[in-house]
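Everything below concerns the one structure shown next.
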Amino acid sequence: MFRKHQAPIFQFFLLTLSVLLVTACQSTPVAPSESLMIVSTTTIVGDIVQTIGGDHITLTVLLPPGMDPHKFEPNPQEMASLVDADLIFANGAGLEEFLEPLIVSNQLEDEVINVSDGIEYLVGVHGTENDEHEGEYTDDAEGDGEEDHDHGQIDPHTWTDPNNVLVWVDNITAALSSADPGHALDFQANAEAYKTLLKDLDQWVREQVATIPQENREIVTDHQLFGYYADAYGFIQVGAIIPAFSTSAEASASEIAALEDAILKLNARAIFIGNTINPQLAERISQDTGVQLYTVYTGSLSDPGGEAPTYLEYIRYNTNVFVTALQ
Ligand SMILES: [Zn+2]
């Protein structure tokens, strides 16, 4: 009865209102048919983001497999993908030295999510015998300005402990859900399933490490990146061939000689070399000292067809190498 007596002007009003409502719906972060444009920095961050985001995101991983995250510099095309992204997932904790100036110059503060936020960071050159080298990292890392004074000694390699990646999962899930609330339940379900796998992985690592004699649980690496892993599973990092957190730092001849002495004194069984640095220096030290050299995955996953194409396989691969090398 009411409709029969609607004046044309009232019908126009209703039409206008419905157009406004539809327009309002379309201005929410993601329309139903679209997926979020996501950028991750490293392959490791990208693997976890893809696992949580599933089909609802379109992911670009900035660093190719094998790229050292400490040394990466984006080209103009990669810079454009960063600026265009809905969200940028970074490890944070100072790992991506290239990112901080870009955030400032492109006003990306709201887009960048540091997945390590909330983790209790290790500080200082952790568990090393090379304490005299502390502080060199901040001298060598140029271009970061005053940030170095506050954060230069934080160990950024949070992912080496799967328990820290539980925090990553929460941070990623919260950010994706906030940007695309319509798929929050899917993100949550993916997160819960993956957390179960991470807890199983942690248990598996404990069982593997238990087979290594206690006195052999010493890790010598190319740079100090297994601090969180060492803390979680009862290893000691007894030295690094480049004695700092970042591969940007160069080892001097006297530092190499000092490390060779330290390796010989410590009777190290093995040196573990990352997939992201030139192994020549490590090979020289291996030859000088007669200590066996093993390759592990450090700041990057392998190629998709390689030995460690996912984070879960990355941890399993490295753990298997430690178990083999340290018996
Ligand atoms: Zn590193």
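Values below: every heavy atom of this structure, side chains too, minus hydrogens, waters and symmetry copies.
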Would you say the side chain of His70 lies within less than 4.5 Å of the side chain of Glu97, judging by non-hydrogen atoms? yes
Can you tell me how far the CG atom of Leu87 sits from the CD1 atom of Ile38, to the nearest 0.5 Å? 4.5 Å
Gap separating the OH atom of Tyr194 from the CH2 atom of Trp168, nearest 0.5 angstrom: 9.0 Å
Considering all heavy atoms, the nearest Ser302-Pro309 contact: OG-N, 3.2 Å
On a heavy-atom basis, which atom in Leu62 and which in Ser81 lie closest, and how many Å separate them? CD1-OG, 3.9 Å
Does any part of the side chain of Tyr311, heavy atoms only, come nearer than 4.5 Å to the side chain of Leu198, both counted from C-beta? yes
Is it the case that the side chain of Ser177 and the backbone of Ala174 share a donor-acceptor pair, with hydrogens and angles ignored and the cut-off at 3.5 Å? no
Within a reach of under 6.0 Å around CD of Glu215, are more than 12 heavy atoms found that belong to other residues, nucleotides or ligands? yes
What pairs meet the salt bridge (Lys or Arg N to Asp or Glu O under 4.0 Å) rule with one or both residues in residues 161-176, with sequence neighbours excluded? Asp170-Lys195
Under a 3.5 Å cutoff, is there a donor and acceptor pairing between the side chains of Thr319 and Tyr229? yes
Could you pull out the closest heavy-atom pair between Gly53 and Phe187, with the gap in Å? O-CE2, 3.6 Å
By side chain to side chain contact (heavy atoms under 4.5 Å, CB included), Asn114 pairs with (sequence neighbours left out) Ala90, Val112, Asp117
In Ile44, Thr43, Val45, Val39, the residue satisfying side chain to side chain contact (heavy atoms under 4.5 Å, CB included) with Thr41 is Val45
Report yes if some heavy atom in the side chain of Leu312 is under 4.5 Å from a heavy atom in the side chain of Asp47; otherwise report no. no
Strictly distance-based, threshold 3.5 Å: is any side-chain N or O of Tyr314 a donor or acceptor partner for the main-chain N or O of Thr298? yes
Do other residues, nucleotides or ligands put more than 12 heavy atoms under 6.0 Å from Glu109 CD? yes
How long is the gap from CD1 on Ile236 to CD1 on Ile219, to the nearest 0.5 Å? 10.0 Å
Just by modelled atom types, is the Glu192 backbone N or O under 3.5 Å from a matching donor or acceptor in the Thr196 side chain? yes
For Gly92, is there any backbone N or O sitting under 3.5 Å from a side-chain donor or acceptor partner on Glu96? yes
Residues Thr310, Thr51; criterion side-chain contact (heavy atoms from CB on, under 4.5 Å); working and verdict: CA-CA 10 Å; Thr310 68; Thr51 298; over 6 Å; no
Atom CG of Asn75: over 12 foreign heavy atoms under 6.0 Å: yes
Test item: Val115 and Ile48 side chains (from C-beta on) under 4.5 Å apart, heavy atoms: no
Taking Asn106 for its side chain and Val83 for its backbone only, find out whether a donor-acceptor pair lies under 3.5 Å. no
When you compare the side chain of Ile271 with that of Gln292, does any pair of heavy atoms fall below 4.5 Å? no
Would the distance check show the side chain of Tyr121 and the main-chain N or O of Ser116 forming a donor-acceptor pair, the cut-off being under 3.5 Å? yes
Are the side chains of Leu102 and Met79 in touch, meaning some heavy atoms are under 4.5 Å apart? yes
Please check if any side-chain donor atom of Glu313 sits under 3.5 Å from a side-chain acceptor atom of Tyr297, or the reverse. no
Using distance alone, with no hydrogens and no angle criterion, decide if Asp180 and His56 have a side-chain donor and acceptor under 3.5 Å apart. no
With sequence neighbours left out, which residue pairs that include part of residues 318-327 fulfil the salt bridge (Lys or Arg N to Asp or Glu O under 4.0 Å) condition? none
Which pair of heavy atoms, one from Ile88 and one from Ala85, lies closest together, and at what distance? CG1-CB, 4.0 Å
Without swapping roles, check the side chain of Asp86 against the backbone of Met37 for a donor-acceptor pair under 3.5 Å. yes
I'd like to know if Leu197 and Ile315 are part of one continuous hydrophobic network [Ile/Leu/Val/Met/Phe/Trp/Tyr, side-chain heavy atoms within less than 4.5 Å]. yes
Taking the side chain as every heavy atom from C-beta outward, state whether Asn171 and Phe89 have any pair of such atoms under 4.5 Å apart. no
Closest heavy-atom pair and its distance - Pro156, Asn91: O-ND2, 2.9 Å
Look at the side chain of Asn216 and the backbone N and O of Leu326, then say whether any donor-acceptor pair between them is shorter than 3.5 Å. yes
Are Val104 and Leu99 in one and the same hydrophobic cluster, where Ile, Leu, Val, Met, Phe, Trp and Tyr link if side-chain heavy atoms are under 4.5 Å apart? no
Looking at Val321 and Tyr294, what are the two nearest heavy atoms and their distance? CG1-CB, 3.7 Å
Answer yes or no: is there a side-chain heavy-atom contact under 4.5 Å between Leu63 and Ser300? no
I need the Gln208 CD to Gln203 CD distance, nearest 0.5 Å. 10.5 Å
Start with the C-alpha distance between Leu264 and Asp288, add both sets of side-chain angles, then the distance that settles side-chain contact (heavy atoms from CB on, under 4.5 Å), and finish with yes or no. CA-CA 10 Å; Leu264 290 171; Asp288 289 351; over 6 Å; no
In this structure, CZ of Phe98 is separated from CD1 of Ile103 (nearest 0.5 Å) by 9.0 Å
Stepwise side-chain contact (heavy atoms from CB on, under 4.5 Å) test for Arg217 and Val209: CA-CA 8 Å; Arg217 295 179 198 173; Val209 171; 4.1 Å; yes
So how far is it from Glu218 CD to Ile212 CD1, rounded to the nearest 0.5 Å? 11.5 Å
Quick check: does any side chain N or O of Gln327 sit under 3.5 Å from a backbone N or O of Val323, one acting as donor and the other as acceptor? yes
Classify the ring geometry of Phe272 against Phe322: parallel below 30°, tilted from 30° to 60°, perpendicular beyond 60°. perpendicular
With side-chain contact (heavy atoms from CB on, under 4.5 Å) as the test, would you mind laying out the steps for Ile172 and Ile113 before giving the verdict? CA-CA 8 Å; Ile172 292 164; Ile113 309 295; over 6 Å; no
Just wondering, are more than 12 heavy atoms of other shown residues or ligands nearer than 6.0 Å to CD in Gln77? no
